[in-house]
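Below: one structure, written as structure tokens.
Positions are given from 1, in the same order as the sequence printed here.
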Amino acid sequence: MELAQTQGVVPRGRLLLVDDEEYILKSIRRVLRRGDWQIETASDAEEGLKALERFTPEVVISDFRMPGMNGVEFLSRVKAQVPRAQRIMLTGQADQQAIEEAINRSEIFRFISKPWNDSHLVLTVKSAFEQYALQAENERLLRVTQQQNEELRRLNAELETRVALRTHLLSQAKREWELSFDSMDTPLAVVRRDYGVRRANKAYTVLAGERLQGTLSEEGSEQLCHKLLFDRETPCPGCPVPEALETGKGVRAEISQRGRTYAMAAYPLTGEGRVVCTYRDISDEREMTRRLIETEKMAAVGQLAGGVAHEINNPLGGILAFAQLMKRDEGRSASDMESLDLIEESALRCKRIVESLLKFSRHSKTEDRRTFQLNKCAEDSAVLFGAQLKAYPKVRLELRLTPELPELFGDPGQLSQVMLNLLQNGLHALPSSGGVLTLETGKDGDRCFFRVIDTGSGIDERYVARIFEPSFTTKPPGQGTGLGLAIAYRIVEDHGGIFKVDTHMGEGSRFTVYIPIPLQLERLP
């Protein structure tokens with residue numbers, strides 16, 4: 001072996017020369033000395049294979065004709081042991097067949113003909129080392145690329161796993177939110193700036209009913225909130241959606257539509273141009289509150305009325321008694337008698353008002369209550385009222401009774417008083433041209449009811465909330481005390497019942513009284 005470089009300098013490559021002629025080995029070694037390559041020589045193929053195991057050359061130069069194993073066979077063994085080593089073969093002019101065989105079997109890098117040109121030899125060897133370095137770099141790059149591809153495949157697989165997991169978690173979270181919203185019995189929806197409904201829970205779709213067609217979509221949808229819920233062509237008056245979007249804060253309002261009242265709240269989604277709207281039907285709650293207020297008001301007025309009636313009753317009795325005694329005196333002039341008649345009439349009128357106040361202030365006696373038939377009570381009231389109708393030939397009374405109603409428990413006399421009062425009010429509401437009064441009975445769940453319907457002028461909406469107030473009346477002075485409906489309300493409440501009023505201006509009014517059926521008396525089917 002010979003190092004063709006200055007001591008201490010790292011060789012540029014390892015070269016193995018194999019030839020059976022010593023002078024050729026020396027000549028080639030001398031030519032290649034300038035290349036700073038580490039050179040080792042062998043005199044035949046067998047020795048070359050041994051050197052191959054301990055030396056691992058980068059470039060191998062072999063003669064074609066050698067004793068024993070020729071150059072083609074040797075270079076084929078080199079290719080098998082050191083695949084990257086660049087193989088160069090020395091050939092004579094008559095070795096064309098060997099060249100073809102070498103190309104086919106051992107993939108020779110270059111051929112050098114004998115005698116060779118020194119410059120060509122150096123250039124060929126240099127090119128072989130460069131090819132080896134290039135191939136090594138390609139293999140390194142290939143390994144790096146394969147490693148990177150493998151790492152990329154691993155990262156992709158990990159990313160796909162994470163994406164699948166995240167998708168599953170998002171789907172699960174979305175499903176949980178949908179179930180949460182659908183579990184709420186309060187209608188809830190996401191509403192856009194143009195009042196289009198983007199999302200809604202189950203309670204909302206139930207409230208919308210058949211007006212909800214298909215699925216809810218993005219901008220431009222004709223599924224508008226006011227159309228879906230209230231069948232309106234324009235936004236509801238007082239809708240809090242615009243204010244919530246403008247202020248960026250939650251806004252509450254009350255929406256009254258289709259005879260119902262809803263407490264609506266709108267909460268803006270920041271930067272989205274949408275709001276979350278909730279709708280709570282508070283119609284029954286308002287009705288219960290109104291009844292509670294009426295009950296408390298009646299209780300307070302009743303206590304006051306009872307005290308006032310007792311205080312007035314004694315002096316009123318004295319006025320009436322003295323007026324009657326003075327009328328009996330002889331020698332009274334006609335003008336005095338007329339004055340005493342007016343005093344007596346006014347005193348009697350005051351007495352009737354005081355009696356009404358006393359009735360209003362006290363509950364019915366327990367001993368007066370019994371089981372009774374509502375239809376019989378209605379028939380008796382119709383008979384009594386029929387006598388009054390003789391003075392109104394243009395008014396017709398219709399009686400509609402539902403047969404086989406269960407028995408009720410209470411004071412039928414007081415309930416007859418309520419019926420007569422309602423009939424009397426209905427009569428006063430009819431125009432001079434006449435009309436129809438209807439008294440009907442029926443059953444609604446665990447309650448029986450009687451209803452008085454008139455075809456009169458109806459009640460102005462602003463007065464409906466006050467019609468049960470004591471002393472409130474829309475009749476002209478002298479034609480009503482304002483105690484009729486107040487006393488009727490007190491009687492119905494004392495029986496555990498409920499008053500309901502439906503009225504429309506120009507169409508008439510309908511007063512319905514519901515009386516609960518005692519459980520022990522209800523006839524089960």
Side-chain angles (χ1 to χ4, degrees), residues 254 256-262 281-299 360 374-375 377-378 381-382 385 398-402 405-406 408-412 414-430 436-470 472-474 482-518 522:
E254 289 187 5
S256 296
Q257 297 291 336
R258 296 162 54 195
R260 307 294 292 178
T261 301
Y262 295 87
D281 191 341
I282 60 173
S283 304
D284 295 338
E285 179 181 325
R286 284 298 173 87
E287 179 66 18
M288 292 180 64
T289 302
R290 186 190 66 79
R291 290 173 187 165
L292 180 60
I293 294 173
E294 291 291 342
T295 299
E296 293 176 348
K297 185 188 302 181
M298 293 300 166
F360 175 77
L374 185 61
N375 286 344
C377 186
S381 300
F385 188 70
E398 293 184 358
L399 198 61
R400 302 174 185 173
L401 305 180
T402 301
L405 291 177
L408 302 179
F409 184 81
D411 188 338
Q414 286 193 334
L415 292 178
S416 293
Q417 179 184 346
V418 173
M419 293 181 187
L420 289 171
N421 182 276
L422 294 177
L423 289 169
Q424 184 70 30
N425 285 348
L427 178 62
H428 290 164
L430 295 177
V436 179
L437 291 174
T438 303
L439 175 59
E440 63 179 23
T441 62
K443 183 175 181 291
D444 182 10
D446 59 352
R447 304 177 297 182
C448 286
F449 66 86
F450 63 86
R451 180 178 294 130
V452 175
I453 307 171
D454 66 70
T455 57
S457 58
I459 304 173
D460 194 326
E461 185 177 354
R462 57 182 172 168
Y463 296 140
V464 172
R466 301 186 59 193
I467 59 177
F468 294 112
E469 293 182 4
F472 177 80
T473 180
T474 58
L483 290 174
L485 284 178
I487 294 173
Y489 187 93
R490 184 61 177 268
I491 292 172
V492 171
E493 183 194 52
D494 199 30
H495 282 75
I498 296 174
F499 243 118
K500 184 177 181 182
V501 182
D502 298 298
T503 182
H504 299 280
M505 290 298 294
E507 299 180 9
S509 302
R510 182 171 65 177
F511 287 78
T512 306
V513 174
Y514 295 93
I515 305 296
I517 303 170
E522 185 176 3

Quiz item: So, do Leu374 and Met419 sit near enough that their side-chain heavy atoms are less than 4.5 Å apart?
Solution: yes

Self-check item: 4.5 Å side-chain heavy-atom contact, Val452 and Thr438
Solution: no

Quiz prompt | For Arg400, salt bridge (Lys or Arg N to Asp or Glu O under 4.0 Å) partners two or more places apart | solution = Glu398, Glu440

Exercise. Quick one: closest heavy-atom pair of Leu408 and Pro516, and the distance?
Key: CD2-O, 3.9 Å

Quiz item: What residues form a side chain to side chain donor-acceptor pair (under 3.5 Å) with Thr402, not counting sequence neighbours?
Solution: none

Quiz item: Sub-3.5 Å donor-acceptor pair from the side chain of Thr455 to the main-chain atoms of Val436, do we have one?
Solution: yes

Quiz item: From Thr512 OG1 over to Ile498 CD1, what is the distance, rounded to the nearest 0.5 angstrom?
Solution: 11.5 Å

Quiz item: With a 4.5 Å limit on heavy-atom distance, are the side chains of Ile517 and Lys443 in contact?
Solution: yes

Practice problem: For the pair Phe449 and Tyr514, name the ring-plane relationship: parallel under 30°, tilted 30 to 60°, perpendicular over 60°. | Solution: tilted

Quiz item: Once you round to the nearest 0.5 Å, how far does CD1 of Ile282 lie from CD of Glu254?
Solution: 4.0 Å

Quiz item: Nearest 0.5 Å, what's the CZ-NZ distance between Arg451 and Lys500?
Solution: 8.0 Å

Quiz item: Which heavy atom in Ala378 sits nearest to a heavy atom in Leu439, and how many Å separate them?
Solution: O-CD2, 3.7 Å

Practice problem: Mark yes or no for whether Thr441, through its side chain, and Phe450, through its backbone, hold a donor-acceptor pair below 3.5 Å. | Solution: no

Quiz item: Do the side chains of His495 and Val513 get nearer than 4.5 Å, heavy atoms only?
Solution: no

Practice problem: Calculate, to the nearest 0.5 Å, the distance between atoms CG and CD1 belonging to Leu415 and Ile515 respectively. | Solution: 5.5 Å

Self-check item: Considering all heavy atoms, the nearest Ser509-Gly458 contact
Solution: OG-CA, 3.6 Å

Quiz item: Going from CG on Asp502 to CZ on Phe511, what distance comes out if it is rounded to the nearest 0.5 angstrom?
Solution: 9.5 Å

Quiz item: So do the side chains of Leu422 and Phe499 get within less than 4.5 Å of each other, counting heavy atoms only?
Solution: yes

Quiz item: Is the shortest heavy-atom distance from the side chain of Phe385 to the side chain of Leu437 under 4.5 Å?
Solution: yes

Self-check item: Interatomic distance, Asn421 atom CG to Ser381 atom OG [nearest 0.5 angstrom]
Solution: 11.0 Å

